[in-house]
Amino acid sequence: MARTVAAFKVDYFQFLNPDGQLIEGQQLPALARDFERLVTMYRQMVRTRVFDKKAIALQRTGKLGTYASCLGHEASHVAIGSAMRPEDCFAPMYREYGVQFCRGVTLTDVLLYWGGDERGSDYAHAPHDFAWSVPIATQCLHAAGAALAYKLRNEPRVAVSVVGDGGSSKGDFLEAINAGSAWKLPLVLVIVNNQWAISVPRSRQNTAATLAQKGIAGGLPSIQVDGNDLIACLWAMEKAIEAARKGHGSFVVEMLTYRISDHTTADDARRYRPNEEVEEAWAKEPVARLRSYLMDQGAWDEGQEQALLAECTAEVQQAADEYLDIVTNDPQPVTTMFDFMFAELPHDLAEQRAQAEHYQDTGGQH
Amino acid sequence: MARTVAAFKVDYFQFLNPDGQLIEGQQLPALARDFERLVTMYRQMVRTRVFDKKAIALQRTGKLGTYASCLGHEASHVAIGSAMRPEDCFAPMYREYGVQFCRGVTLTDVLLYWGGDERGSDYAHAPHDFAWSVPIATQCLHAAGAALAYKLRNEPRVAVSVVGDGGSSKGDFLEAINAGSAWKLPLVLVIVNNQWAISVPRSRQNTAATLAQKGIAGGLPSIQVDGNDLIACLWAMEKAIEAARKGHGSFVVEMLTYRISDHTTADDARRYRPNEEVEEAWAKEPVARLRSYLMDQGAWDEGQEQALLAECTAEVQQAADEYLDIVTNDPQPVTTMFDFMFAELPHDLAEQRAQAEHYQDTGGQH
Amino acid sequence: MAAITLIEGVTLALARALEEDPGVIVLGEDVGVNGGVFRATAGLQQRFGEQRVLDTPLAEVMIAGMSVGMAAQGLKPVAEAQFCGFTMPMVDHLMCHAGRMRNRTRGRLSCPMVLRFPTGGGIHAPEHHSESPEALFAHMPGIRVVMPSSPGRAYGLLLAAIRDPDPVVFMEPKRIYRWQKEEVEDNGEELPLDVCFTLRDGSDITLVTWGAMIKETLQAADQLESEGVSVELIDVATLSPLDMETILESVSRTGRCVIIQEAPRHCGVAGEIAAGLADAGIWNLLAPVKRVCGYDTVMPLYRNELNYMPSVRRIVDAAHQVLEVS
Amino acid sequence: MAAITLIEGVTLALARALEEDPGVIVLGEDVGVNGGVFRATAGLQQRFGEQRVLDTPLAEVMIAGMSVGMAAQGLKPVAEAQFCGFTMPMVDHLMCHAGRMRNRTRGRLSCPMVLRFPTGGGIHAPEHHSESPEALFAHMPGIRVVMPSSPGRAYGLLLAAIRDPDPVVFMEPKRIYRWQKEEVEDNGEELPLDVCFTLRDGSDITLVTWGAMIKETLQAADQLESEGVSVELIDVATLSPLDMETILESVSRTGRCVIIQEAPRHCGVAGEIAAGLADAGIWNLLAPVKRVCGYDTVMPLYRNELNYMPSVRRIVDAAHQVLEVS
Ligand SMILES: Cc1ncc(C[n+]2csc(CCOP(=O)(O)OP(=O)(O)O)c2C)c(N)n1
Ligand SMILES: Cc1ncc(C[n+]2csc(CCOP(=O)(O)OP(=O)(O)O)c2C)c(N)n1
Ligand SMILES: [Mg+2]
Ligand SMILES: [Mg+2]
């Protein structure tokens with residue numbers, strides 16, 4: 001007896017083409033016409049991009065440590081953040097500022113973190129979100145744990161996590177899919193596939209047609225969208241989050257985008273990828289695309305654009321000033337290395353704390 | 001633009017029904033009529049079962065340590081072993097004696113291992129196979145590494161590993177699938193789904209329709225077979241191994257069987273599963289099924305059966321005697337704890353070795 | 001008040017914690033219907049339900065990672081690893097997240113999880129079931145490492161571990177799970193997670209150990225006492241943070257110290273204690289500090305395991321060596 | 001003969017090993033076209049091809065597990081972990097398989113793999129890029145742990161590590177990757193994997209350290225020498241197995257010892273060395289054995305990292321304390 005016991009597919013969605021035109025011949029989500037909302041998100045995308053540029057400039061001038069740019073990811077990131085409710089929980093990797101800004105993380109938070117100051121992870125306005133997770137893909141299981149907590153407590157909250165194309169190869173991500181399946185968790189796992197994991201191209205991670213299909217391992221609904229199309233990203237995220245919130249279990253969304261920048265400021269991508277590829281990516285990038293659409297539709301104009309840029313530039317400058325002011329005039333004392341290790345300082349650490357305080361001013365005299 | 005970018009299915013194969021009748025209306029593999037071969041495998045299955053019973057008896061009488069029975073897995077295991085060539089490589093978990101016997105591991109080897117003697121893993125007749133891997137699913141990556149070694153050296157060899165339904169949840173297995181996909185490795189991963197991971201039922205591992213579909217994560221061909229039907233198991237393994245050997249990449253096979261025994265001799269399965277379930281499983285078990293078929297086809301008779309049982313019983317008794325003789329009369333000296341740690345004994349261990357030798361006879365005086 | 005075993009002390013503490021705090025969630029492989037392979041969670045799922053006592057898929061990284069996530073979102077996961085050998089995949093989440101959550105977020109999030117598991121050898125178990133990895137966990141900043149050696153300490157320390165607002169690795173010496181019974185009142189009283197317990201007072205030599213080695217060390221102490229040696233015996237109990245004070249104070253009186261650990265010697269906890277003596281304790285030492293440890297080899301399969309683990313004779317011999325020095 | 005940096009010594013040894021043994025396979029994230037994030041494998045893929053220098057998917061468990069598998073089947077995988085902080089997922093395969101393969105099979109299979117990675121802090125890197133986890137690996141039976149502190153030792157020790165028939169964890173002190181240049185002849189000569197290197201002879205005090213802390217320790221030694229103190233300086237280099245002989249012999253002459261490590265103190269390698277002194281070295285000690293270590297906290301983000309790591313002043317102060325005792 002040979003019979004098919006299970007069948008699956010991965011569908012791809014794109015509503016706005018690279019030129020910012022709606023693609024005809026398919027049902028459009030209502031939000032494609034919700035210009036107020038789209039403008040709000042567009043503003044967030046621009047804000048994110050202006051911030052990103054400034055952060056790189058700060059790094060280049062020695063005022064910030066290594067920084068991971070989010071250039072080109074704005075639609076993916078802002079869509080994720082916009083689809084979530086405040087009470088939901090986000091478990092980031094390290095470059096999803098666009099998500100985090102929607103959730104209340106401040107520009108200054110981000111600068112503090114990459115500026116080597118732990119206070120950057122003390123999000124006053126996103127109090128239960130996880131901090132950046134440098135060990136790739138581990139955040140997916142934290143999100144799964146959060147989702148289980150919400151499920152056990154009967155709270156209508158959803159946990160969302162992001163992983164890269166590289167990170168999608170890691171057991172943590174794959175075990176999170178399985179956990180989502182096992183407990184039908186309110187969990188949305190987003191693969192932001194930007195084609196590169198530092199110098200390793202997507203094609204080396206595996207030879208499968210999509211990364212979304214990793215969700216099939218757990219029987220999860222798994223779709224792929226154009227990650228430079230804000231409308232497709234947002235539509236997918238809303239669908240996924242709604243399903244998760246309703247108790248239908250977990251969801252995998254792969255967003256196809258491109259890392260236009262170097263991996264981080266410590267990287268030089270020219271070593272390993274042709275410039276033509278980057279140029280091609282510029283032609284598809286998300287900010288111009290959405291702007292075209294909004295302008296075509298009369299929902300945005302050049303005057304607004306200029307005003308927005310000015311506004312963002314000012315805000316970003318202010319954040320940079322604030323950041324520099326904090327690290328210069330209110331640096332964390334050495335003792336804070338100890339004060340957050342435990343709720344109560346154990347005796348051995350208390351001794352070491354005193355020692356560290358004593359030696360405080362030799363820092364740098366290595 | 002919404003379009004399906006990838007579609008997949010998992011097919012299920014069964015050729016012999018539980019009563020040992022060929023299922024009509026489908027193309028039968030040639031091996032269903034290769035009675036000489038089937039009889040050889042049947043003999044191996046019976047041998048495995050007789051051994052298993054003896055091992056449990058030895059444990060019950062205090063002559064063997066904890067032992068993991070393979071009762072009910074004989075078709076799955078012997079099919080795997082039979083489909084492999086000697087130069088291929090097997091990376092077992094811990095209960096696949098049926099595979100290992102095909103590959104030259106001796107009954108005495110198995111008894112020595114569970115009898116607490118490392119010499120059991122020094123397979124004289126399966127020299128490059130991996131030893132038992134107690135840390136679940138880790139063996140899958142060893143097999144992937146072996147497969148990569150063969151591929152890099154251009155050797156037409158295939159690595160085969162087995163994981164359980166429980167183990168299929170673990171990142172190691174999932175990363176092995178991804179590795180198989182990334183390098184198109186000559187790797188066959190078999191999920192022996194016996195419905196239980198100690199007390200945890202298959203349904204708790206995840207809610208997906210099959211475990212085979214985990215292979216889809218890497219775009220690997222993934223099928224499911226009746227793991228109690230030797231013909232289906234062998235057919236699937238030959239197909240998978242041939243594809244792997246030809247350079248077509250990796251393959252996932254899920255074999256649906258049942259762990260009729262307790263998890264190990266340290267377990268009491270009555271605590272967590274109904275007896276009816278076990279009785280049902282007996283009605284589908286692989287040895288009687290194949291015997292029925294062979295007898296129906298005139299390829300086996302009661303006289304041969306009795307002779308085989310007698311032969312196996314004698315062989316197993318001899319192995320038990322040999323095992324007991326070795327551990328009693330030729331126990332490993334304490335110093336062997338040190339002698340295989342490194343190719344050359346480092347100075348610190350040399351000191352400890354002398355100490356251990358000195359204290360040798362206090363072993364047990366704790 | 002019933003006389004109970006160490007593992008019953010564990011079960012009692014788990015039940016109490018589940019009872020007193022609805023945020024406590026017990027999870028792990030086979031902890032539900034089966035009650036754990038050692039029966040540590042026996043009856044808990046029946047009593048508290050499937051929402052409180054969860055069987056998980058077989059995936060240790062997942063158990064650790066999800067526990068971190070649950071803990072950061074307000075629950076108190078008490079995760080079981082089935083055996084010491086299977087905690088290695090959990091090292092990543094413990095080291096990189098559990099021990100860092102509070103510090104990383106300047107106290108905004110925390111990680112009040114417990115990871116408990118049976119540890120050590122001597123029960124004729126298969127490979128990977130008999131390791132003593134406490135030093136690995138003790139080396140991780142931000143994690144407490146605790147190992148009880150009696151039913152009462154199992155109860156009191158586990159309760160404290162679960163109530164503690166930070167991550168605790170709670171290692172259960174399986175070899176003595178059922179060794180001794182002791183009357184333990186289920187009164188909810190916890191024991192401190194930062195002190196050693198002095199089990200015997202003495203003046204000639206200090207024997208320092210923890211976990212199941214308490215058994216052989218007590219026997220060695222008996223033997224030494226029968227020779228007229230006055231033995232002070234310390235159960236370290238909490239391996240991180242280490243209560244070096246108590247040990248230093250004891251050795252300041254005895255001048256002699258032998259440290260016994262089942263784990264391999266190299267970079268183990270015994271070394272840390274000896275190093276503490278070589279610094280702050282040096283002027284009180286009348287003899288070399290000896291360590292009696294498992295060898296720096298793989299824990300052998302069961303036929304040789306007792307030859308691997310420190311025996312009473314090895315402990316007594318080390319004590320004699322230390323006592324001979326005058 | 002060219003003057004090269006420590007990281008160039010690494011590259012040179014890798015190239016030599018790839019050249020001399022077709023079984024040597026370099027693998028890891030970004031080791032191919034990109035030549036490694038620190039350029040340790042720069043040019044190797046171009047020179048030896050994609051079959052010898054492999055970019056892997058991003059999966060550390062996979063890298064470790066497949067290296068074990070490759071090694072057991074006759075290759076010599078030299079795997080790179082991108083940073084110290086990302087080796088934690090590899091602990092399982094190292095502890096449970098790499099260090100056990102030969103022993104488990106009574107010598108039938110072995111595991112001649114090398115895991116190399118940059119370690120330690122001080123380069124203003126992000127979180128998880130600055131840890132010093134050597135003690136975790138040193139505690140694992142069956143694994144050698146090596147850390148060079150000069151270009152020549154990087155070359156000679158890495159060659160030895162790759163040729164060694166057993167698993168070696170080779171930790172590269174990234175802070176001194178480009179600190180000093182040294183003339184290193186590419187003559188294929190390896191250095192022994194079981195001895196300490198005495199970098200300076202002296203008679204008043206022994207300073208013991210390894211890896212990047214050599215830098216501050218040398219500066220501290222200079223300062224002490226300028227005060228008229230005669231300093232013996234030992235680079236441990238191989239942390240497991242430990243050459244305690246050399247250290248004991250040195251302290252037998254100096255009577256005083258300070259051990260410097262960047263890693264957290266608790267259960268670190270420095271403790272192991274101090275414990276060795278507290279035993280076999282006790283009669284030669286004229287003063288307490290001091291350890292100058294990283295604190296038992298999380299390695300802070302970069303603005304505070306230099307306050308975490310042992311400074312020259314901390315080393316000199318500890319030496320003064322030890323020297324004051326008479
Ligand atoms: C476990 C782990 N391994 C390695 C690294 C080093 N590393 C940082 S980013 C990166 C590539 C990540 O690629 P991807 O997952 O595609 O995300 P992207 O950076 O493209 O957004 C690597 C290898 C890490 N941070 N964590
Ligand atoms: C990493 C790891 N975790 C836990 C265990 C303990 N353990 C041994 S067998 C087993 C269940 C395995 O179930 P499955 O994978 O279905 O294989 P089966 O025993 O059914 O053949 C468990 C949890 C282990 N050996 N390794
Ligand atoms: Mg990427
Ligand atoms: Mg099973």
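All chains are named by letter (A, B, ...) in the order of the sequence lines, taking the proteins before the strands, and each is independently numbered beginning at 1.
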Handout entry: Aromatic contact, B/Y94 with B/W114 (centres under 6.0 Å)
Key = no
Problem - D/N103 versus chain B, the contacting section by heavy-atom distance below 4.5 Å - result: both
Exercise for the section: Tell me whether the centres of the aromatic rings in D/F117 and D/F137 are closer together than 6.0 Å. Expected result: yes
Problem - D/E245: partners by side-chain hydrogen bond (donor to acceptor under 3.5 Å, both in side chains), with sequence neighbours left out - result: none
Handout entry: Residue part contacting chain B, namely of D/S110, when any heavy atom lies under 4.5 Å
Key = neither
Problem - Within residues 73-91 of chain D, residues adjacent to chain B where the heavy-atom gap is under 4.5 Å - result: D/Q73, D/G74, D/L75
Practice task
Check each atom of B/N178 against the heavy atoms of chain D and say whether the ones under 4.5 Å are side chain, backbone, both or neither.
Solution key: side chain
Practice task
Using a heavy-atom cutoff of under 4.5 Å, enumerate the residues of residues 58-70 of chain D that contact chain B, numbered in order, or state 'none'.
Solution key: D/A59, D/V61, D/M62, D/G65, D/M66, D/V68, D/G69, D/M70
Handout entry: Spatial distance of atom NE2 (D/H139) from atom CD (D/E272) [nearest 0.5 Å]
Key = 10.0 Å
Exercise for the section: Output the distance between atom CE (B/M84) and atom SG (B/C89), rounded to the nearest 0.5 Å. Expected result: 6.5 Å
Problem - Winner by heavy-atom pair count (cut-off under 4.5 Å) against chain D, out of B/G145, B/A149, B/P127, B/A176 - result: B/G145
Fill in the blank from the handout: Output for pair (B/L187 CG, B/I241 CD1), nearest 0.5 Å, gives 10.5 Å
Practice task
Measure from the side-chain N and O atoms of D/R116 to the backbone N and O of D/L158, and report whether any donor-acceptor pair falls under 3.5 Å.
Solution key: no
Problem - B/A137, part contacting chain D, at a heavy-atom distance under 4.5 Å - result: neither
Practice task
Can you tell which part of B/F338 gets under 4.5 Å to a heavy atom of chain D, answering side chain, backbone, both or neither?
Solution key: neither
Exercise for the section: For B/R95 and B/H263, indicate whether the former's side chain and the latter's backbone hold a donor-acceptor pair under 3.5 Å. Expected result: yes
Handout entry: Carboxylate-amine/guanidinium proximity below 4.0 Å for D/D194 and D/R144
Key = no
Completion exercise
Listed by number, the residues in residues 26-34 of chain D that come under 4.5 Å of chain B (heavy atom to heavy atom) are none
Problem - B/K170 side chain vs B/P135 backbone, donor-acceptor pair below 3.5 Å - result: no
Practice task
Could you please spell out the steps behind the side-chain hydrogen bond (donor to acceptor under 3.5 Å, both in side chains) verdict for B/T106 and B/D109?
Solution key: CA-CA 5 Å; B/T106 67; B/D109 287 339; 3.2 Å; yes
Completion exercise
Here the gap from D/Q261 atom CD to D/E134 atom CD, rounded to the nearest 0.5 Å, amounts to 6.0 Å
Handout entry: Region of B/H347 in contact with chain D, defined by heavy-atom distances below 4.5 Å
Key = side chain
Problem - CD (B/E344) with more than 12 external heavy atoms under 6.0 Å - result: no
Problem - Region of B/Y150 that comes under 4.5 Å of a non-hydrogen atom in chain D - result: side chain
Handout entry: B/Y97 ring center near B/Y67 ring center (under 6.0 Å)
Key = yes
Problem - Per-residue contact mode, D/D92 against chain B (heavy atom under 4.5 angstrom) - result: side chain
Completion exercise
Cut-off 4.5 Å, heavy atoms of chain D, and the answer for B/L185 is side chain
Problem - Which portion of D/L242 sits near chain B, non-hydrogen atoms under 4.5 angstrom - result: backbone
Handout entry: Crowding at CD, B/E87 (>12 non-hydrogen neighbours, <6.0 Å)
Key = yes
Practice task
Please round to the nearest 0.5 Å and tell me the distance separating atom CG of D/L115 and atom CD1 of D/I143.
Solution key: 9.0 Å
Handout entry: Structural part of B/W183 lying under 4.5 Å from a heavy atom of chain D
Key = side chain
Exercise for the section: Could you tell me whether a side-chain N or O of D/T41 sits under 3.5 Å from a main-chain N or O of D/G35, the two making a donor and an acceptor? Expected result: yes
Exercise for the section: Against chain B, label D/P241 side chain, backbone, both or neither, depending on which of its atoms sit under 4.5 Å from a heavy atom there. Expected result: both
Fill in the blank from the handout: One option among D/L193, D/D243, D/L109 has the most heavy-atom pairs under 4.5 Å with chain B, and it is D/L109
Completion exercise
Note: D/W210 and D/A237 closest approach over all heavy atoms is CB-N, 4.1 Å
Problem - Working for side-chain hydrogen bond (donor to acceptor under 3.5 Å, both in side chains), residues B/Q332 and B/D117 - result: CA-CA 8 Å; B/Q332 293 191 105; B/D117 189 312; 3.1 Å; yes
Exercise for the section: Could you tell me which portion of B/A182 (side chain, backbone, both or neither) has an atom closer than 4.5 angstrom to a non-hydrogen atom of chain D? Expected result: side chain
Practice task
Sort out for me which of D/R104, D/R52, D/H97, D/Q51 touches chain B most, counting heavy-atom pairs under 4.5 Å.
Solution key: D/H97
Problem - Any donor-acceptor N/O pair, B/Q213 side chain to B/S222 backbone, under 3.5 Å - result: no
Practice task
Flag the one option from D/R102, D/M101, D/R100 with the top tally of heavy-atom pairs under 4.5 Å to chain B.
Solution key: D/R102
Handout entry: Nearest-0.5 Å distance that lies between atom CD in B/E322 and atom CD1 in B/I326
Key = 4.5 Å
Practice task
Heavy-atom pairs under 4.5 Å with chain D are the metric here; pick the option from B/D172, B/D339, B/L349, B/V134 that has the most.
Solution key: B/D172
Exercise for the section: Select, from D/P57, D/C96, D/P165, D/P112, the one with the greatest count of heavy-atom pairs under 4.5 Å involving chain B. Expected result: D/P57
Exercise for the section: Identify whether the distance between the nearest side-chain nitrogen and carboxylate oxygen of B/R245 and B/D88 falls below 4.0 Å. Expected result: yes
